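Have a look at the structure below, then the notes.
Hydrogens, waters and symmetry mates play no part in the numbers below; they use all other heavy atoms, side chains included. First the proteins, then the strands, lettered A, B, ... as listed; each starts at 1. If you're wondering where the values come from, they're calculated on a predicted model, not measured in any experiment.
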Amino acid sequence: MENSDGSIEDTKVITNDFCILKDTDTVAEALALVTVQNASEIVIVDEDKKFAGILTDLSILRSLPPPALDVPVKFRIKTHKFRKQLNEELVNSLKKPIIEVFKLEKIKPYTSKNQRLIYAIDKLVESYKSTSAIRVLPIINEEETVYGVASPESILSHIKSNQKFCQLKAERFLALPEASGMEQPYTLLPSDTLAQSRFAMKYLPIEHITICDRDGNLLGIVDKKQVTTLTHPMYFSLMGISLSEIMKPITKLCLVEKSQTLQECINAYLNLGVKEVVIVEQLLGKSYPKMVVTPIDILQFRVQVYRQN
Amino acid sequence: MPIDNMEARIDQEFPALQQNRPLWWLQPTDTVDYLDAMMDEFKIRHVPIIEPIDPKSDEPRGELKTVISKTDLVKILTPPNELYPPEFPLTPQQKLQLRKFNQEISAKCLNEIEDFAKLMTIPVKTLSLKNSKVKDVFKDLMNPVKPEGENFTRRYRTLCVYGDNKLIVGTISYTDVLRKINDPTSHTQFLRETIGQNSLFKKREDLTVLTEDDNLLRARRILKENSFTHIPITTADGRFVTGIVDDVIVNTFLHDITLTQYSKLPLKYIMLPVNERNSVSPGDRTSEVIETFVPDNSKDRPTALVVCTKDSDSGKFTFDGIISYTDIFRGFLMFINPGSPTPENPK
């Protein structure tokens with residue numbers, strides 16, 4: 001049974017299953033973890049193994065050109081001279097130590113294993129909302145070494161035993177006041193461009209953009225990772241690419257009808273490994289997006305329900 | 001080649017202008033999201049807007065309508081999401097306004113934006129590859145211009161250079177000139193002496209200073225009423241300097257939608273804290289100070305630096321003054337030609 005008032009150690013949400021590197025390790029090693037292990041965050045420690053900060057996949061991807069396979073053929077660099085320049089820059093960047101390339105201030109928050117779970121969840125959510133990137137909460141020992149991390153997935157694994165919470169309808173999200181800060185669908189047309197989605201993600205607190213036709217029918221989504229990956233000065237011409245060419249199509253999305261339960265969302269994260277589900281209203285065979293929900297949103301909702309009770 | 005001869009032509013002093021270096025430019029019909037992306041991705045703060053003779057050509061050949069600066073851009077936009085201070089959350093209504101505003105403005109053409117359209121009616125300072133001289137570069141980069149009939153001044157930190165047949169062959173910015181001045185093979189005395197010895201920086205008693213608790217609106221009023229673009233920030237008691245604000249960061253927060261929320265925002269929430277990238281000491285050599293303006297290992301390009309001294313007891317910084325690139329230019333011109341009028345102070 002979920003015990004939000006228990007400590008994060010007692011509730012067993014601390015996991016050792018996370019990526020860790022030293023600040024003197026290379027950017028290439030960090031990139032390998034992001035691309036091969038699909039790591040969203042890497043815990044960075046200094047030479048004394050003390051916690052030095054968190055490096056996110058977005059920071060790494062932002063500093064490098066997009067993988068050629070992610071770039072539509074017509075936009076790939078064909079000039080030998082530019083390809084050579086790109087290759088040289090890439091090799092040089094990858095050899096550099098992490099500490100030289102990324103600003104690694106000791107990113108807060110981090111917490112101790114004695115923290116109450118509900119406070120830890122609150123801290124994790126606040127941290128994510130303020131950094132728009134860091135989704136894990138490092139758990140630090142007294143000597144400042146890393147004991148483990150609490151991730152949204154490890155917390156959801158604990159929360160899924162709370163039947164009362166998990167049986168709430170997904171549409172409860174839609175009734176939340178705008179003040180909760182939860183993401184509402186921001187929609188663009190398939191003919192709109194990468195430049196427009198980049199702009200929206202820079203100036204608004206959004207991580208996902210739903211791509212719909214003019215009737216509001218869902219066709220796909222683009223997320224911040226895709227936009228960040230494709231945004232690079234050597235590929236500036238990509239700014240004009242239409243979103244239909246880069247979006248994740250609806251066939252690859254996890255859709256949850258608004259009348260279904262939160263359990264469906266949690267199962268999708270834990271069992272299918274998806275990073276977001278789209279809550280939709282289905283009418284006459286069409287899907288109208290109502291909200292894109294991430295594990296962090298579920299945790300935020302959990303804190304709100306806890307407070308209401 | 002040292003940049004000593006004020007009568008030399010710019011094509012001789014800046015040979016890179018003839019090497020077909022890429023020029024990042026846009027057309028008046030390009031959109032705001034492109035302009036924003038171009039400035040961010042290429043880490044540039046000025047984008048020439050050119051009405052090309054042949055709209056289908058990639059060549060920047062045509063009429064230079066204006067040069068849009070980062071300050072011009074932030075004035076029309078809301079703050080980037082990551083800059084909102086969490087201590088001062090927006091209201092739900094403001095959030096909705098932001099969403100609507102940003103969706104609309106991102107796809108607008110530059111010439112549809114009232115402020116930009118107005119800029120496009122003001123004559124632009126340009127240079128000519130064959131006719132302009134080094135002294136013109138100094139003059140145009142040092143002196144702000146007050147357009148006829150307008151109550152504001154414009155400062156050009158980047159100048160576009162016309163070649164033949166209305167082709168814009170490149171730009172010269174204050175950073176290009178600073179690198180030329182920092183040529184170790186010439187004027188070594190000027191470069192070796194400290195900025196204190198060269199009397200290059202403005203002293204604290206001559207400056208307008210605000211404290212961390214002063215608010216954003218006050219900073220904007222001061223910047224609006226004066227031609228300088230930076231204000232040093234001190235602790236409340238004025239003993240130590242802790243940061244600096246410039247016209248870009250001040251204007252970033254004062255969009256109509258966020259004005260009520262942030263007009264009283266204390267400057268400590270938005271100032272750039274004093275660090276090794278934006279400060280120097282009176283005892284630093286002029287060459288070192290120039291390197292801080294144009295560091296090799298970073299894309300940071302500050303236009304003014306805090307001059308301060310580290311207090312060994314507290315580790316804090318006592319404030320000595322401020323130095324801008326125009327101070328370096330002025331000192332350099334005095335050094336190579338003592339007693340002669342400078343572009344700022346023609347006799």
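- Heavy-atom proximity under 4.5 angstrom to chain A picks out nothing from residues 250-261 of chain B.
- Atom NZ of A:Lys78 has more than 12 heavy atoms from other residues, nucleotides or ligands within 6.0 Å.
- Residues B:Glu41 and A:Thr231 are in side-chain contact: their nearest non-hydrogen atoms beyond the backbone lie under 4.5 Å apart.
- Residue A:Phe82 qualifies as open at atom CZ: its count of foreign heavy atoms under 6.0 Å is 12 or below.
- Chain B is approached within less than 4.5 Å, heavy atom to heavy atom, by A:Thr193, A:Ala195, A:Gln196, A:Arg198, A:Phe199 from residues 190-201 of chain A, ordered by number.
- Counting non-hydrogen atoms of other residues, nucleotides and ligands closer than 6.0 Å to CD of B:Glu87 gives a total above 12.
- Looking only at distances, no side-chain donor or acceptor of B:Gln103 sits under 3.5 Å from a matching main-chain atom of A:Tyr186.
- Each of B:Asp36, B:Asp33, B:Asn102, B:Thr78 was compared with A:Tyr203 under the side-chain hydrogen bond (donor to acceptor under 3.5 Å, both in side chains) criterion, and only B:Asp36 meets it.
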Any chance you could lay out the side chain to side chain contact (heavy atoms under 4.5 Å, CB included) test for A:Ile206 and B:Arg99, step after step, and finish with the verdict?
-> CA-CA 10 Å; A:Ile206 53 174; B:Arg99 178 176 279 250; 3.9 Å; yes
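- Within a 6.0 Å sphere centred on CG of B:Asp58, other residues, nucleotides and ligands contribute 12 heavy atoms or fewer.
- In terms of non-hydrogen atom pairs under 4.5 Å with chain A, the most contact-rich of B:Asp40, B:Val32, B:Thr31, B:Leu98 is B:Asp40.
- Around atom CD of A:Glu245, more than 12 heavy atoms belonging to other residues, nucleotides or ligands sit under 6.0 Å away.
- Of the atoms belonging to B:Leu83, not a single heavy atom falls under 4.5 Å from chain A.
- Only the backbone of B:Pro79 comes within contact range of chain A, with heavy atoms under 4.5 Å apart.
- Surrounding NZ of A:Lys225 are more than 12 heavy atoms belonging to other residues, nucleotides or ligands, all under 6.0 Å away.
- Annotation: residues 236-244 of chain A contacts chain B through A:Phe236, A:Met239, A:Gly240 [non-hydrogen atoms, separation under 4.5 Å].
- Inspection of non-hydrogen atoms places no residue of residues 47-57 of chain B under 4.5 Å from chain A.
- Interface remark: B:Leu90 contributes no atoms to any contact with chain A (heavy atom separation under 4.5 Å).
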